[in-house]
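For reference, the structure discussed in these notes is given below.
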Amino acid sequence: MENEPFLSLQSKPQLRPTVADDHHGTPSEIQDNSQIQPPSKKHGSLHRCKMAPAMAVMRDRKPKTPQLPKPKSESSIIIRQAFFLLSLYLLLGVAIYSFNRDEFSGIETHPVVDALYFCIVTMCTIGYGDITPLTPATKIFACVFVLVGFGFIDILLSGVVSYVLELQENVILTGIHIKKSQQGFSARNYIVDVDKGRMRIRLKVGLALGVVVLCVGIGTLMLYFLENLDWIDSVYLSVMSVTTVGYGDRAFKTLPGRLFAGVWLLISTLAVARAFLYLAEARVDKRHRRIAKWVLHRDITIQDLLAADINNDGFISKSEYVIYKLKEMGKIGEKDILQICDQFSKLDTNNSGKLTLPQLLENRL
């Protein structure tokens with residue numbers, strides 16, 4: 001009981017032990033020499049009622065049914081599954097291509113490199129057209145390979161890329177929280193919204209555009225030196241590649257170029273696709289902020305009062321006002337409110353409209 005947080009906020013009663021007098025048979029009090037002054041009550045301090053059950057006893061109560069565990073983040077699991085399935089996917093494609101090289105048309109450099117290059121180009125849906133299937137069997141294989149590749153692109157885009165970006169964002173936030181107490185205003189306040197615990201959307205857009213430029217720049221340099229293209233054709237092929245357009249008039253034809261393309265195409269197409277998703281997210285976020293500002297600053301009308309009066313008692317309480325404004329902002333929906341109300345009704349067994357401590361203890365017995 002000494003470790004109870006509520007009990008530590010108020011003074012403990014001092015017991016005065018008594019002993020029986022050997023001569024008179026009456027108890028005599030043993031007073032402590034130190035005078036104990038009760039602490040003055042401060043505004044806002046917490047006090048627990050004497051009749052309230054101890055918190056230790058409440059924690060010892062076991063629920064009737066085991067509590068559902070809190071859902072855990074599956075980012076690490078998604079990453080392991082993505083790399084395993086991607087490796088299996090590429091190995092299968094390389095094996096099928098290697099054993100059926102005569103049924104594909106195109107410039108050959110090395111069997112394994114050509115097979116990996118064909119699988120990456122197909123999975124990223126670029127379609128240069130420099131390596132194409134010729135027979136019905138290989139055409140069916142290409143169709144299945146493309147459809148399965150769409151699934152891998154979704155897993156890699158939503159799982160691996162998002163996980164890496166969130167990990168980098170968490171590292172930045174952690175560093176800012178550590179240095180926040182050591183220094184006052186910082187330019188990083190414009191970079192990260194510490195209160196919301198995320199990078200500002202404008203910074204995400206800026207980083208997204210920077211990633212696009214970086215991917216195009218790296219591809220341009222490598223194409224210029226590996227494929228012996230001029231600068232215009234290098235930029236042209238690089239942009240057509242990272243945006244998965246792939247007209248087919250230009251492609252990778254050398255062995256070093258296809259080795260580079262096997263890694264660069266997989267990374268750059270995913271990064272550029274995520275960058276464009278950030279651009280779309282920025283537009284949606286701007287629209288949401290504009291709606292939220294309009295909802296918070298507009299005057300309430302009689303129609304709003306009638307719509308927000310959930311209990312139909314002729315007035316709006318604070319909780320009703322908050323719920324109505326959240327609905328207007330689109331943060332919650334009627335279905336969400338009904339599910340929460342249904343869960344509350346299950347806990348409120350006596351239909352009193354409130355949850356009390358005895359009710360919670362009764363439900364846990």
Side-chain angles (χ1 to χ4, degrees), residues 43-46 49 52 63 65 67-74 154 157-158 162 165-166 169-170 173 176 185 189-209 273-364:
H43 179 70
S45 60
L46 299 177
C49 178
T65 57
Q67 296 289 335
L68 294 176
K70 183 179 180 180
K72 297 181 180 179
S73 176
E74 299 181 354
D154 179 69
L157 186 60
S158 62
S162 299
L165 294 176
E166 290 175 1
E169 184 175 342
N170 291 334
L173 286 172
I176 289 179
F185 176 79
N189 295 331
Y190 286 107
I191 299 177
V192 179
D193 191 344
V194 182
D195 296 332
K196 294 183 179 180
R198 66 182 184 183
M199 297 175 67
R200 298 186 184 277
I201 189 64
R202 293 181 180 178
L203 176 65
K204 287 186 177 182
V205 173
L207 291 177
L209 296 177
R274 190 65 189 181
F276 285 116
L277 287 179
Y278 277 143
L279 292 175
E281 181 184 346
R283 294 181 61 87
V284 174
D285 183 75
K286 183 178 180 180
R287 180 176 179 272
H288 287 171
R289 285 188 283 109
R290 186 170 61 249
I291 294 176
K293 183 178 180 180
W294 174 79
V295 169
L296 292 176
H297 292 85
R298 75 180 186 89
D299 296 332
I300 190 169
T301 63
I302 298 177
Q303 289 77 10
D304 295 331
L305 187 143
L306 296 176
D309 187 10
I310 301 177
N311 298 328
N312 297 321
D313 48 13
F315 63 90
I316 301 177
S317 63
K318 184 177 182 179
S319 59
E320 290 175 335
Y321 182 79
V322 171
I323 292 174
Y324 181 71
K325 288 297 181 181
L326 289 175
K327 288 173 62 178
E328 277 194 315
M329 294 179 185
K331 303 291 186 181
I332 59 175
E334 191 69 26
K335 184 179 180 180
D336 301 324
I337 298 175
L338 292 177
Q339 289 178 347
I340 297 174
C341 292
D342 182 65
Q343 183 65 24
F344 182 87
S345 300
K346 293 179 181 179
L347 298 175
D348 186 16
T349 55
N350 56 2
N351 297 324
S352 62
K354 56 185 177 181
L355 295 178
T356 60
L357 183 59
Q359 285 179 326
L360 295 179
L361 294 176
E362 181 180 357
N363 292 332
R364 295 177 68 88

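In this structure, the side chain to side chain contact (heavy atoms under 4.5 Å, CB included) partners of Leu306, at least two apart in sequence or on a different chain, are Ile302. Every residue meeting the side chain to side chain donor-acceptor pair (under 3.5 Å) condition with Asp304, not counting sequence neighbours, appears here in chain and number order: Arg298, Thr301, Tyr324. In terms of the side chain to side chain contact (heavy atoms under 4.5 Å, CB included) criterion, residue partners of Lys286 (sequence neighbours excluded) are, by chain and number, Arg289, Arg290. Scored by the side chain to side chain donor-acceptor pair (under 3.5 Å) test, Ser352 finds Asp348, Asn350 as partners (sequence neighbours excluded).
Taking CG of Leu209 as the reference point, atom CZ of Phe276 lies at 8.0 Å (rounded to 0.5 Å). Atom CE of Met329 sits about 3.5 Å away from atom CG of Leu296, to the nearest 0.5 Å.
Between Tyr321 and Ile316 the shortest heavy-atom distance is N-CG2, 3.6 Å.
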Tabulate below the donor-acceptor pairs under 3.5 Å that side-chain atoms of residues 332-345 make, not counting sequence neighbours, or state none.
unit_1: Glu334; atom_1: OE1; unit_2: Lys327; atom_2: NZ; d: 2.7
unit_1: Asp336; atom_1: OD2; unit_2: Gly333; atom_2: N; d: 3.1
unit_1: Ser345; atom_1: OG; unit_2: Cys341; atom_2: O; d: 2.9

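Residue pairs meeting the salt bridge (charged side-chain N to carboxylate O under 4.0 Å, His left out) criterion with at least one member in residues 307-323: none, sequence neighbours excluded.
For the pair Arg287/Ile291, a side-chain contact is recorded, criterion being any heavy-atom separation below 4.5 Å from C-beta on.
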